[in-house]
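Below is one structure; the comments refer to it alone.
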Amino acid sequence: MSIPATEVELELTFDATLAECPVWDDEHQLLYWVDIEGGKVYRYNPATSKNEAFDIGEHVGSIALRKQGGLVMALKTGFAFYELEKQTLTHIADPESHLPNHRFNDGKCDPNGRFWAGTLSYDQQEGVGSLYCLNSNLSVDTKLRRLTIPNGMAWNDAGDTFYFIDSPDRTIYSFDFDQKTGTLQNRTEIFRLNDRKGLPDGMTIDREGKLWVAIYDGFGVIRVDPETGDILHQIELPVPQVTSCTFGGPEFDELYITSAREHMTDEDVEKHPLSGSIFRARVPSAGTPVNRFSG
């Protein structure tokens, strides 16, 4: 049985080394995204095609919007706040200050406004990364250990299930989630990328509770049913390193997709020149506004 597919459009031509963590600001109809290795945050306006750059000065793993304005970030040096208009950075906490070969990677806010982000080593050593949670009172809890490349995260609409990807496992896991305390229990494998090339990377969830997963080195995004493990839909892209996706647009029915060109040779880039660009696809199932950090 063939899997339904959606055409993708080029939204922003760019040469990002590692574009990641797209975040849609529904209040201002803007897309934020990061180039991790470029150390920059970008603010893109689809209406005008203006793409503003904010130089953070270090590797930026992930970002999230704050309820009171500005961004919360997971950097090489830990958690921080960033005021966009003043371009000021305020460090909060670094749970891995004793591990100079580590940096933060993907991150996202949960339904209670806590910011979750994972760490990895630059040489991607197996099992040395962790998943941390920055609480609204700015304390930090360790949620998972022995990770390698912590990536996609999502919570269901009821707020009682957490979905998570550690990319080298090629697997999506679910956990029972206590929304009040942020406690994770009962890890369950719900999907394994068996028959496709690539690794599951960034992830988001739609209103129907289905997961949209970027496939790094797999030229696409897939929609997964977490109840059955079936692939329901796919989006094919003209670039191999598809890194993450988020819902945007006035009706949240547009999927914005990031890509990368890290480790690619000149010949690879010549073959796939749009690597590092931002893409957009109108999809049949809409998403919802992102959770914002409450601290």
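Residue numbers count from 1 along this sequence.
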Exercise. Taking atom types as modelled, is there a side-chain donor on T171 or R192 under 3.5 Å from an acceptor on the other?
Worked result: yes
Exercise. Which pair of non-hydrogen atoms, one from F177 and one from T161, has the smallest distance, and what is that distance?
Worked result: CB-N, 3.9 Å
Problem set entry | Carboxylate-amine/guanidinium proximity below 4.0 Å for R43 and E52 | yes
For this session: Would you check if there is a donor-acceptor pair between the side chains of N194 and R196 at a distance under 3.5 Å?
Result: no
Problem set entry | Atom CD of E270 with >12 non-hydrogen neighbours under 6.0 angstrom | no
Exercise. So if you build clusters from Ile, Leu, Val, Met, Phe, Trp, Tyr with side-chain heavy-atom gaps below 4.5 Å, do W155 and L211 land together?
Worked result: no
Exercise. For T88 and E83, does a side-chain donor sit closer than 3.5 Å to a side-chain acceptor?
Worked result: no
Exercise. Considering the options D55, L18, V34, I36, which one meets the side chain to side chain contact (heavy atoms under 4.5 Å, CB included) requirement together with V60?
Worked result: V34
Exercise. With the 4.5 Å side-chain cut-off for hydrophobic clustering, are I222 and I172 part of the same group?
Worked result: yes
Problem set entry | Carboxylate-amine/guanidinium proximity below 4.0 Å for D15 and R261 | no
Exercise. Are more than 12 heavy atoms from other residues, nucleotides or ligands located less than 6.0 Å from atom CG of N137?
Worked result: yes
Exercise. What's the verdict on ring-ring contact (aromatic ring centres under 6.0 Å, His included) for F191 and Y173, showing C-alpha distance, side-chain angles and the deciding distance?
Worked result: CA-CA 7 Å; F191 173 80; Y173 298 100; over 10 Å; no
For this session: Answer yes when R292 and D26 have at least one side-chain N-carboxylate O distance shorter than 4.0 Å, and no when they do not.
Result: yes
Exercise. Taking all atoms of both residues into account, what is the closest heavy-atom pair of L89 and M73, and its distance?
Worked result: CD1-SD, 3.9 Å
Exercise. Is the closest basic N to carboxylate O distance between R187 and D176 below 4.0 Å?
Worked result: no
For this session: Taking atom types as modelled, find out whether S259 and S277 have a side-chain donor-acceptor pair closer than 3.5 angstrom.
Result: no
Problem set entry | Connected via hydrophobic side-chain network under 4.5 Å: F164 and I205 | no
For this session: Indicate whether the side chain of N135 and that of D141 have a donor and an acceptor atom separated by less than 3.5 Å.
Result: yes
Exercise. Using a distance-only test with no angle check, is there a side-chain donor-acceptor pair under 3.5 angstrom linking Y216 and E262?
Worked result: yes
Exercise. Got more than 12 heavy atoms from elsewhere within 6.0 Å of CG, D157?
Worked result: no
For this session: Determine the interplanar angle of the F247 and W212 rings, folded into 0 to 90°, and report it as parallel if under 30°, tilted if 30 to 60°, perpendicular if over 60°.
Result: perpendicular
Exercise. So F175 and F162, would you call those rings parallel, tilted or perpendicular, with 30° and 60° as cut-offs?
Worked result: tilted
For this session: Identify the heavy atoms of N291 and C109 that sit nearest to each other, and give their distance.
Result: ND2-O, 3.1 Å
Exercise. Which of these, F115, F79, W116, Y122, sits in a ring pair (Phe, Tyr, Trp, His ring centres under 6.0 Å) with F104?
Worked result: F79
Problem set entry | No-hydrogen, no-angle side-chain donor-acceptor test under 3.5 Å, S275 and Q241 | no
Exercise. Under 3.5 Å, is there a donor-acceptor pair between the S285 and D206 side chains?
Worked result: yes
Exercise. Checking ring-ring contact (aromatic ring centres under 6.0 Å, His included) for the pair F81/H91: CA distance, chi angles, key distance, verdict?
Worked result: CA-CA 6 Å; F81 291 139; H91 287 278; over 10 Å; no
For this session: Take R280 and E9, measure what salt bridge (Lys or Arg N to Asp or Glu O under 4.0 Å) needs, and give me the verdict at the end.
Result: CA-CA 5 Å; R280 178 176 55 86; E9 297 180 14; 3.0 Å; yes
Exercise. Any chance the side chains of D166 and N151 put a donor and an acceptor closer than 3.5 Å?
Worked result: no
Exercise. Are Y256 and Y44 an aromatic pair by the rule of ring centers under 6.0 Å?
Worked result: no
Problem set entry | Contact summary for L65 and D25, nearest pair of heavy atoms | CD1-CA, 3.8 Å
Exercise. Do I92 and Y132 belong together in a cluster built from hydrophobic side chains that touch within less than 4.5 Å?
Worked result: yes
Seminar exercise, completed: For P150 and S130 the tightest heavy-atom approach is CG-O, 4.3 Å
